[in-house]
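Notes follow the structure.
Whatever order the structure lists them in is the order used to number ligands and atoms, beginning at 1.
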Amino acid sequence: LVIFSHEELPRLVRLLGEGFREARIDDESGEAVAGGAVPLPLLGRMGDERGWRDFTFLCPIPGTVGAGVAMNAGAGGFDISSIFRWADVMDAKGEVRRVNLEGAGFRYRSSAFKNKGDIILRAAFKTSLEPIDPAVAREILMAEVERRIAAQPRIKRNCGSIFKNPQGGPPAGKLIEEAGLKGREIGGARIAHEHANWIVNTGAATGGDLRELMALAQSEVKRLFGIDLEREVVLMPEDIGSP
Ligand SMILES: Cc1cc2nc3c(=O)[nH]c(=O)nc-3n(C[C@H](O)[C@H](O)[C@H](O)COP(=O)(O)OP(=O)(O)OC[C@H]3O[C@@H](n4cnc5c(N)ncnc54)[C@H](O)[C@@H]3O)c2cc1C
């Protein structure tokens, strides 16, 4: 998710139009081919209806296929890299190339595409698991949705997880909670009571409020536990620049 600066708006934002909102199953290859602007839940449902267990995780993630690939979106032990086959990517010169799994450079919540200025036009995905009964896939999905509802703030104005979970250590939310920052507010931004790795907008939070609260969490966790928290959210213009 991108957090904009309240002081400096980017001069150029590229939006993928209608032609990139289509998704279909390629009968020959068995791949789900989706435009960069297709909502991740729609791709998840396509797989879910066919009993593709490794597509179900996409259903509750807000965002598009292009962002999901760039961020290597994931949940519940699955992520995009486990179903990704290829992507058609356009560079700044307008040239389109096809990138396969090896070229995608997937890492935890990151990829070779993230913040590089390339645009993912469409991508193909395929299950690597034996299909299960779609009714069972649906039950698994509903259990996951219920788990998320119980664990995460029921507040509309938030941007999901702020920091990546440190490799091999306690989750970011646990560290922020143990630093005593749950409920801490700066301006209109508050570290959620329900989940310390989420920041909620209590009304009129600015990009500056969010940045200050993130910096506070990072400095307190570093001071108390010696751990560097790495941002999962993308800051504009710091991370992407404003061409
Ligand atoms: C309530 C909530 C729950 C969430 N749960 C999860 C979760 O469980 N798992 C998870 O992984 N994420 C989760 N997220 C984070 C969020 O859904 C993802 O970051 C999502 O991919 C953002 O999609 P977007 O289309 O809004 O992209 P944006 O926020 O617009 O962009 C995100 C990044 O992707 C890049 N990008 C976007 N489109 C393209 C494209 N076509 N080509 C190249 N780069 C592109 C942007 O440049 C930026 O770097 C959650 C967010 C919220 C608010």
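Distance screen at 4.0 Å: atom 16 (C) of ligand 1 has a protein heavy-atom neighbour inside the cut-off.
Distances between N or O atoms of Pro62 and those of ligand 1 include at least one value under 3.5 Å. Residue Val2 places at least one N or O, backbone or side chain, under 3.5 Å from an N or O of ligand 1. Geometrically, ligand 1 and Asn72 share no nitrogen or oxygen pair separated by less than 3.5 Å. Remark: ligand 1 and Ile61 share no N or O pair separated by less than 3.5 Å (distance only, no angle test).
Near Asn115, meaning under 4.0 Å from one of its heavy atoms, ligand 1 places the atoms 49 (O). Close approach of ligand 1 to Arg109 is summarised as follows: ligand atoms under 4.0 Å from at least one heavy atom of the residue are 11 (O). Of all atoms in ligand 1, listed by their number and element, those nearer than 4.0 Å to a heavy atom of Ile119 are 42 (N). Those atoms of ligand 1 that come under 4.0 Å of a heavy atom in Gly74, given as number and element, are 7 (C), 8 (O), 9 (N), 10 (C), 11 (O). Distances below 4.0 Å separate heavy atoms of Leu16 from the following atoms of ligand 1: 41 (N). Interface atoms of ligand 1 facing Ile120, defined by a heavy-atom separation under 4.0 Å, are 40 (C), 41 (N), 42 (N), 43 (C). Shown in contact with Trp198 at under 4.0 Å from a heavy atom are these atoms of ligand 1, numbered in order with element: 1 (C). Listed by atom number, the atoms of ligand 1 under 4.0 Å from Asn158 heavy atoms are 1 (C), 53 (C).
Here the CZ-CG distance, from Phe20 to Leu121, works out to 5.0 Å after rounding to the nearest 0.5 Å. Here the CG atom belonging to Leu224 is positioned 12.0 Å from the CD1 atom belonging to Ile176, to the nearest 0.5 angstrom.
Looking only at heavy atoms of the protein, atom 33 (C) of ligand 1 is closest to Met71 SD, 3.7 Å. For atom 8 (O) of ligand 1, the closest non-hydrogen atom on the protein side is Arg148 NH1, 2.9 Å. From the protein, the heavy atom lying nearest to atom 44 (N) of ligand 1 is Ala70 CB, 3.7 Å. Of the protein's non-hydrogen atoms, the one nearest atom 19 (O) of ligand 1 is Leu1 N, 2.9 Å. Atom 38 (N) of ligand 1 has as its closest protein heavy atom Ala67 N, 3.5 Å. Looking at atom 25 (O) of ligand 1, its nearest protein heavy atom turns out to be Thr64 OG1, 2.8 Å. In this structure, atom 53 (C) of ligand 1 lies nearest to the protein heavy atom Gly160 N, 3.5 Å. When only non-hydrogen protein atoms are considered, atom 47 (O) of ligand 1 lies nearest to Ile240 CD1, 3.8 Å.
Asn72 and Ser111 share no donor-acceptor pair across their side chains, judged by distance under 3.5 Å alone.
A salt bridge between Arg211 and Glu238 is present, with a side-chain N of the basic residue lying under 4.0 Å from a carboxylate O of the acidic one. A salt bridge links Glu230 to Lys164: at least one charged side-chain nitrogen sits closer than 4.0 Å to a carboxylate oxygen. Taking the charged nitrogens against the carboxylate oxygens, Arg50 and Asp48 have no contact shorter than 4.0 Å, which rules out a salt bridge. With salt bridges taken as basic N to acidic carboxylate O contacts below 4.0 Å, one links Glu232 and Arg109. Asp118 has a carboxylate O that lies under 4.0 Å from a charged side-chain N of Arg97, or vice versa, which qualifies the two as a salt bridge. A salt bridge does not link Lys114 with Asp239: every distance from a Lys NZ or Arg NE/NH1/NH2 to an Asp or Glu carboxylate oxygen is 4.0 Å or more.
Within 6.0 Å of atom NZ in Lys174, 12 or fewer heavy atoms from other residues, nucleotides or ligands are found, so the atom counts as exposed in its surroundings. With a 6.0 Å radius and a threshold of 12 heavy atoms from other residues, nucleotides or ligands, Arg21 has its CZ atom above the threshold.
When all heavy atoms are compared, the tightest approach of Ser81 to Leu101 is O-CD1, 3.8 Å.
With a 4.0 Å cut-off on non-hydrogen atoms, Cys159 touches ligand 1 through its backbone and not its side chain.
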- For Met46 and Trp52, run side chain to side chain contact (heavy atoms under 4.5 Å, CB included): C-alpha distance rounded to whole Å, both residues' side-chain angles, the deciding distance at 0.1 Å, then the answer. CA-CA 9 Å; Met46 281 173 70; Trp52 297 347; 6.0 Å; no
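Note on ligand 1: Asp118 sits in its first shell, one or more heavy atoms being nearer than 4.0 Å.
Phe78 and Phe57 have parallel rings, their planes meeting at less than 30° on a 0 to 90° scale where 60° marks the start of perpendicular.
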